[in-house]
Undergrad: 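Below: one structure in structure tokens.
We name chains A, B, ... by the order of the sequence lines, and we start the count at 1 in each one. What you are looking at is a predicted structure, and each value in this text was computed from that prediction instead of being measured.
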Amino acid sequence: MKSLKQRQLINTCVHILLVGACLVSALPLISIFTYIVLRGAPGLSLHFFTGLPQPIGEPGSGMGNAISGTFVLLGIASGIGIPWGLVAGIFMTEYRDTRMASCVRFSAELLSSIPSIVIGLFIYEQIVLRMHHFSALAGGLALSIIMIPTIARSTEEQLLLIPAHIREAGLALGLPRWKVTCHILLPGIIRSIMTSMMLAIARISGETAPLLFTAFGSRFWPESIFEPIASLPIQIYNLAISPFEEWHQQAWTGAFILALFVLSLNIATRLVMRQKEPLS
Amino acid sequence: MVKGPVAHRKKEVHRGDWLFAQFIQAGAMLLIALLLALAWFLIKGGWPAIERYGARFLFSSNWNPVLEVFGAAPVIYGTLVSSAIAIMIAAPLSVSVALFLHAVAPPKIRAVFSFFVDMLAAIPSVVYGLWGIFVLAPWLRSDVEPWLSEHFGFLPFFQGPFYGVGMLAAGLILAIMIIPSIFAMCSEVFRSLPVTYKEAALALGATRWEMMQIAFLRAGKRGIIGGIILGLGRALGETMAVTMLIGNRDEISVSLFSPGQTMASVIANEYAEAGSSIHVAALIEVGLVLFCMTILVNALARIIIRSDDAI
């Protein structure tokens, strides 16, 4: 047995190490936030949101097309991913103890662990090659596949939190099962489902890899969902790896907008969750 | 049970219920079908390469699209090494931070720090890549790499010219990116541990560090290991930040300063420009290897976490 002095010495050393670890991990994080704000914010102007990208050397470049393109992609992805995820989540609770349900649960888990670039590959081979060109639809589909597992899991978790007697009360009143689920159970968890949707949207709005060869990118305003479409993450990537200082500046401003969007969605979700009323 | 109602139950099922059941079953089946389609596509798309190169594909280190010779060893090596660097840096750091916040720090500091880390987890990887290119890589080139080569230059890992971008940069950015996920997992584990462990250890006269060993590290061992492996899974598949920072050269080099390539980055770089069909097939086979690797790692993590009674 070590003496008390030794033990206390070790204790102090470990504490110093732990504080050091906190500082070391905080440093890059502080640096990232500072750089995004300091280098990104000065480039902000109204024109940045409404303009199109200009050739190098010409002033007045904007990312209007990329910002609107990102919203189009998010719309397509949510339109497919949210209902599909909800349905899968409802299935897992309605048929909770069946083998099918655990199969679906397992598939959702596997799906969520697949790297997003592989999903991009898949959509490229299945959709882009068949349609013969890149399209917003393909990009949205790729993003929706990333959304499904998240939505499904949180729907299931939330539905399981509802006390069984609520479902039983509905059934005892003679309501059919689908009415109990859609009109009694789902409205009860609507708030938590909304928050998980917002988190899922925040997550896919920064996804770049699956868009590389699906939505591809464009220098023009989005016109049709069957055409290639610009998006904020892809635009940032292209500008960042370009050799021009001017484009780097635009990349920082784009990153600032993207980070701001994602972070405000996250913070809004937290605020909504904090005032969540207890289930009665 | 009375025989009648059971026999007639099928008729008694509400029409809406029947439709509803069909609908949600179809949605759930489609999810399974999607996963099978993905796996099938990867095997079918990569088949020409699997057939042509066989097991050599995994071990040959020659990746040359011009000569149509494809060996995936350099990209597999790049993925494993960059993820290993990331885990070696991120695992001790994030476990220590979680330990400090849960065992030592007052709840207020814990809340602020956790919020901060959560926000970090939300930042898109392309933004990390941007920061990496313009802040991390220049710093590595001008300060860190010269220092490492001066003091540890006798090791083969720290030799050669300083590029900034390269294996070391990719490993570091991955480390920064997975710290939030490992931290979140460890926090969850530490939160779920009973406070009585902590109180008992302190009451028996343990110092705070001994208490941390008994009541946190030992009690939450499985959860911590599972969290670290989940972080590894994330690092293996991470694409954008790595593509922007690894330098993209399909060669194996022992030095961490030199550029490399990972499985994800080779797909991101070459897929759109792949000329020959065998090149496409080789890239899809790389995707297949990556798919299998991440699924195995994630399954392993889940098994470890699930076997833990504490959570």
Undergrad: Supply the atom-to-atom distance Met211(B) CE to Asn11(A) CG, rounded to the nearest 0.5 angstrom.
TA: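 The CG atom of Asn11(A) is 9.0 Å from CE of Met211(B), to the nearest 0.5 Å.
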
Undergrad: Salt bridge or not for Asp17(B) and Lys179(A), using N-O below 4.0 Å?
TA: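 No, no charged N to carboxylate O under 4.0 Å.
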
Undergrad: Please flag which part of Phe113(B) lies under 4.5 Å from any non-hydrogen atom of chain A: side chain, backbone, both or neither.
TA: side chain

Undergrad: Under 4.5 Å, counting heavy-atom pairs only, tell me which of Val280(B), Leu31(B), Leu99(B) racks up the most with chain A.
TA: Leu31(B)

Undergrad: Output the option from Glu109(A), Glu94(A), Glu207(A), Gln8(A) having the highest count of non-hydrogen pairs under 4.5 Å with chain B.
TA: Glu109(A)

Undergrad: Using non-hydrogen atoms only, which part of Thr243(B) is less than 4.5 Å away from chain A: side chain, backbone, both, or neither?
TA: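 Contact with chain A: side chain only.
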
Undergrad: Please flag which part of Phe213(A) lies under 4.5 Å from any non-hydrogen atom of chain B: side chain, backbone, both or neither.
TA: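 For Phe213(A), the contact with chain B is made by the side chain alone.
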
Undergrad: Considering only heavy atoms, which portion of Glu238(B) lies under 4.5 Å from any heavy atom of chain A: side chain, backbone, both, or neither?
TA: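 Contact with chain A is absent: no heavy atom of Glu238(B) under 4.5 Å.
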
Undergrad: Any chance you could measure Ser113(A), atom OG, to Met293(B), atom CE, to the nearest 0.5 Å?
TA: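 Nearest 0.5 Å value for the OG-CE distance: 14.0 Å.
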
Undergrad: Working to the nearest 0.5 angstrom, can you tell me the gap between Ile284(B) CD1 and Tyr124(A) OH?
TA: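 Answer for the CD1-OH pair, Ile284(B) versus Tyr124(A), is 9.5 Å.
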
Undergrad: Sort Arg203(A) into side chain, backbone, both or neither according to what part of it lies under 4.5 angstrom from a heavy atom of chain B.
TA: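 Looking at Arg203(A), nothing touches chain B.
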
Undergrad: Who are the side chain to side chain donor-acceptor pair (under 3.5 Å) partners of Thr269(A), not counting sequence neighbours?
TA: none

Undergrad: Report which part of Ile179(B) has an atom under 4.5 Å of a heavy atom belonging to chain A: side chain, backbone, both, or neither.
TA: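 Contact with chain A: side chain only.
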
Undergrad: Kindly state each residue pair satisfying side chain to side chain donor-acceptor pair (under 3.5 Å) with at least one member in residues 16-36 of chain A, sequence neighbours excluded.
TA: Ser31(A)-Trp131(B)

Undergrad: Side chain, backbone, both or neither: which part of Ile36(A) has a non-hydrogen atom closer than 4.5 Å to chain B?
TA: side chain

